[in-house]
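Starting from 1, each residue takes its place in the sequence as its number. As the structure lists them, so they are numbered: ligands from 1, and atoms in each ligand from 1. When reading the values below, keep in mind they use all heavy atoms of this one structure, side chains included, and skip hydrogens, waters and symmetry mates. All values derive from a computational prediction rather than experimental measurement.
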Amino acid sequence: MVLSGKKIVLAASDSESSEYLGSQWRQMLLATLPARYARYLGTDWSIKNEVSPDGRAMYVPHGLRIIESLLINKFGPDDIAVCYTDQMEKFIGEQTRVVGLHAHNPLGITFATDIYPTFYGREVEPINAAEFRRMVEHPALQQHRSHLKIIVGGPGAWQIEKKNLQETWHIDTLVHGEGEDVAVSLFESALRGEALPRRVETDSPKLDLIPRIHHRSTFGTVEITRGCGRGCQFCSVALRAGKSIPLEQILDNVRVQAAEGADTVLLVTEDLFLYEQGPKFDTNVPALRRLFESIAAVPGVKHLSLTHGTMAPVVRDPDMIGELQIAVDKSLDQHRASTHPDKRYQHMFVGLETASPRLFNQFMKGKAYPYRAEQWPEVVLKGMEILNKHNWFPICTFILGLPGETREDTKISLDLLYALKNSKWCVIPTLFVPLEDTRLATQASAKLFDLTDLQWEFFFTCWRYNMDFWRGANVSWRFNMGIPIYYYLLGRKLFGSGIKYPLFRLGHFPERLLRRHLYLDFSNGNEPRFRAPEIVPIPEHRRRPDLPILQPEGSHEETLAI
Ligand code: B12
Ligand code: SF4
């Protein structure tokens, strides 16, 4: 009898592997759509990923590529296959002893994925969750259950434990955290048919244990740093030890991606400005420039894309963004508001989270360093001014419903939002989720059904800005007409009348009809409470002694800016 299957099979779901329209933020939004209506929303075709002629996946999330590399380095490539759900039956067979599944957001219980499907009704499953279920319940896993182990890892593995689904899905081991230290020994035990631990919690690996990858990752992902150190209490990567990946290793990974057809490289980091940083979060601009230039010079690479960054370094070193012009020249994205000759703009995800100094101080004060929490609104406005001037249009998130948020806190955030009205950006309101591996893990989640009128106003004002900036004059009358129809048919039943006026603002109702009912008044050119200052002064004890003290133009105050 010829034994079928590979000894080790690694798989990732279609929605988590997808390079939907080549756009990360569209892929993020896609994941939030309700699976039940995906067909009608015209999205089901989009999660069809490229498969190589032998059935292997052409690209999967980077974390799974790291696991694949660790296993290839130990066991060689012949016994290992990496695939999507639809090809699992090709590789899982009599010979298979262990299946490793990647979980980025397997149940859709984070931030946006927990919010947006709810608009279609209470019991809806986001695409991400439906696709993960389709993978973990695959008939090939049931059929060969008696002789294989299932190991699940990835940043969203905690969700399976939280929802008590480990038994239901016959998962032998859930790996929480970075996989480098544990993957090989776990898979080795599984190959020997030994019993595996139910859960494994890992530490951050030493830098030299992070392997070079062998195959292409979704969006051409290449890690440039890992970990952060700013210590925000709601963040799951805050506890990962900070490190920069050596340039040669980064370039090797880029070459692998390009050789397998990726023409865009996504630089993954918690904060771009931590790359090869100096002491106390000092940005290393020459190292960043060298990084961009050397990646762009790799044959086959046409575009550079970024994940996350923070605002404070942009303000602390206002010339830096101008010096990184190559990031805009090599961007894939274009927008009519860009002043670049090809209308290009670069983006990165920036967490603004709140404007309330009280909440900021309590949960994320490291994010503003070297500035103080009270300066955060000014840091945000100044940073946005600098970024926009150089054609960086950030994708910013705010968190609604942080533990203990009061009406006063929401009003301060609304004031900052209003001051950002004319920015070139995308702003995504999210709801607080107590991620398992964070310091706020035991707090209660914010719920869409419990939002206050002010929080709803914040929520829909964000989307009104996005509509106006990204769709411009193309916002259709159909969309505007659909808003009251949605409200009267479904919205008020689901969320109550608190959403009415905020929602109508999204539908471009005349402000004179809305202003009596809302906190922000768009109608009479109100002056915002916050403004971008010429310089945001750094508190004296946090100044860098090596940098000169600058005077703002026309001012006699002794202020420091760097
Ligand atoms: C790049 C990225 C994206 C990209 C591309 C994602 C992709 N599909 O490849 C985009 C922008 C599209 C994206 C989207 C989303 N993302 Co995302 N994303 C990231 C980011 C910045 C990097 C991921 C990465 O490649 N890391 C590097 C690798 C090496 O780390 P890793 O994936 O964690 O893998 C390690 C371990 O997890 C483990 N491991 C991984 N797989 C496996 C498998 C096995 C078998 C084992 C044993 C171990 C194991 O070992 C690996 C090596 O140490 C992370 C933050 C971060 N820095 O990690 C957020 C992050 C993973 N994303 C997050 C979220 C919430 C989302 C969204 C749900 C956002 C939303 N819509 O609400 C969507 C989901 C969309 C989707 N369908 O995938 C959260 C997850 C939170 C959580 N803990 O549940 C993170 C942690 C960001 C954050 N700080 O909140 N994301
Ligand atoms: S700055 Fe960002 S990555 Fe760092 S701890 Fe805060 S939220 Fe997490």
Side-chain angles (χ1 to χ4, degrees), residues 10-20 23-32 47 59-68 70 98-116 126-128 131-132 150-159 173-183 186-187 200 202 204-205 209-211 213 217-219 221-223 225-240 242 266 268-271 274 305 307-310 312 349-351 353 363-364 366-367 395 397 428 430 433 435-438:
L10 301 176
S13 77
D14 287 270
S15 69
E16 292 187 358
S17 306
S18 165
E19 292 187 338
Y20 183 55
S23 156
Q24 303 147 46
W25 67 276
R26 287 198 181 92
Q27 201 254 44
M28 275 179 66
L29 290 178
L30 170 78
T32 70
I47 52 174
Y59 38 78
V60 291
H62 190 65
L64 196 63
R65 287 299 190 206
I66 296 266
I67 301 298
E68 177 195 25
L70 294 165
V98 51
V99 176
L101 304 176
H102 174 82
H104 198 96
N105 185 32
L107 297 169
I109 48 175
T110 53
F111 324 129
T113 30
D114 208 15
I115 304 179
Y116 293 100
I127 288 180
N128 252 5
E131 286 297 316
F132 186 84
I150 302 177
I151 302 175
V152 177
W158 64 272
Q159 299 178 6
T173 307
L174 282 175
V175 177
H176 302 278
E178 293 154 271
E180 283 82 353
D181 277 348
V182 298
L186 268 177
F187 279 76
V200 174
T202 68
S204 274
L209 279 181
I210 301 178
I213 55 168
S217 316
T218 298
F219 289 121
T221 296
V222 169
E223 269 188 295
T225 70
R226 200 183 277 188
C228 172
R230 287 187 186 265
C232 303
Q233 295 189 17
F234 49 81
C235 171
S236 58
V237 289
L239 302 174
R240 289 184 173 185
L266 172 67
V268 161
T269 168
E270 332 305 349
D271 179 358
L274 294 182
S305 202
T307 59
H308 295 81
T310 41
F349 293 89
V350 181
E353 325 307 11
F363 298 124
M364 58 197 102
K367 204 186 254 294
I395 300 171
T397 49
I428 314 250
T430 67
V433 177
L435 299 182
E436 200 64 7
D437 41 358
T438 67

Donor-acceptor side-chain pairing of Asp271 and Thr310 below 3.5 angstrom: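 Indeed, the side chains of Asp271 and Thr310 share at least one donor-acceptor pair under 3.5 Å.
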task: Return yes if a side-chain donor-acceptor contact under 3.5 Å exists between Glu16 and Asn105, otherwise no.
output: no
message: Which of the protein's N, O or S atoms come within less than 2.8 Å of atom 8 (Fe) of ligand 2, not counting waters?
response: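 Within the sphere that stays under 2.8 Å of atom 8 (Fe) of ligand 2, the protein atoms of type N, O or S are Cys235 SG.
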[X], any N or O under 3.5 Å of ligand 1 N or O:
X	answer
Gln24	no
Ile67	no
His62	no
Ile151	no
Asn105	no
Glu16	yes
Ser15	yes
His102	yes
Thr269	no

Per-atom contacts, ligand 1 versus [X] - under 4.0 Å to a heavy atom:
X	answer
Val268	1 (C), 22 (C)
Trp158	82 (C), 83 (N), 84 (O)
Asn128	74 (C), 75 (C), 76 (C), 77 (N)
Gln159	84 (O)
Glu223	27 (C), 29 (C)
Gly154	37 (O), 39 (N), 40 (C), 41 (N), 42 (C), 49 (C)
Thr218	9 (O)

- prompt: At the 4.0 Å heavy-atom cut-off, does Arg65 count as touching ligand 1?
  reply: no
field: Any Gly108 heavy atom less than 4.0 Å to ligand 1
entry: no
query: Using heavy atoms and a threshold below 4.0 Å, how should the contact between Leu101 and ligand 1 be classified: side chain, backbone, both, or neither?
result: backbone
Per [atom], closest listed option by heavy atom ([options]):
atom	options	answer
atom 12 (C) of ligand 1	Glu180, Glu19, Gln27	Gln27
atom 38 (C) of ligand 1	Gly153, Gly351, Gly177, Ala157	Gly177
atom 16 (N) of ligand 1	His104, His176, Glu68, His308	His104
atom 9 (O) of ligand 1	Ala12, Ser204, Pro61	Pro61

query: When rounded to the nearest 0.5 angstrom, what distance separates NE2 in His308 from SG in Cys228?
result: 10.5 Å
query: Does the salt bridge (Lys or Arg N to Asp or Glu O under 4.0 Å) test come out yes or no for Glu178 and Arg226, once each step is laid out?
result: CA-CA 10 Å; Glu178 293 154 271; Arg226 200 183 277 188; 3.1 Å; yes
field: Criterion side chain to side chain contact (heavy atoms under 4.5 Å, CB included) against His102, the qualifying member of Ser13, Pro155, Ser17
entry: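 With His102 as partner, side chain to side chain contact (heavy atoms under 4.5 Å, CB included) holds for just one option, Pro155.
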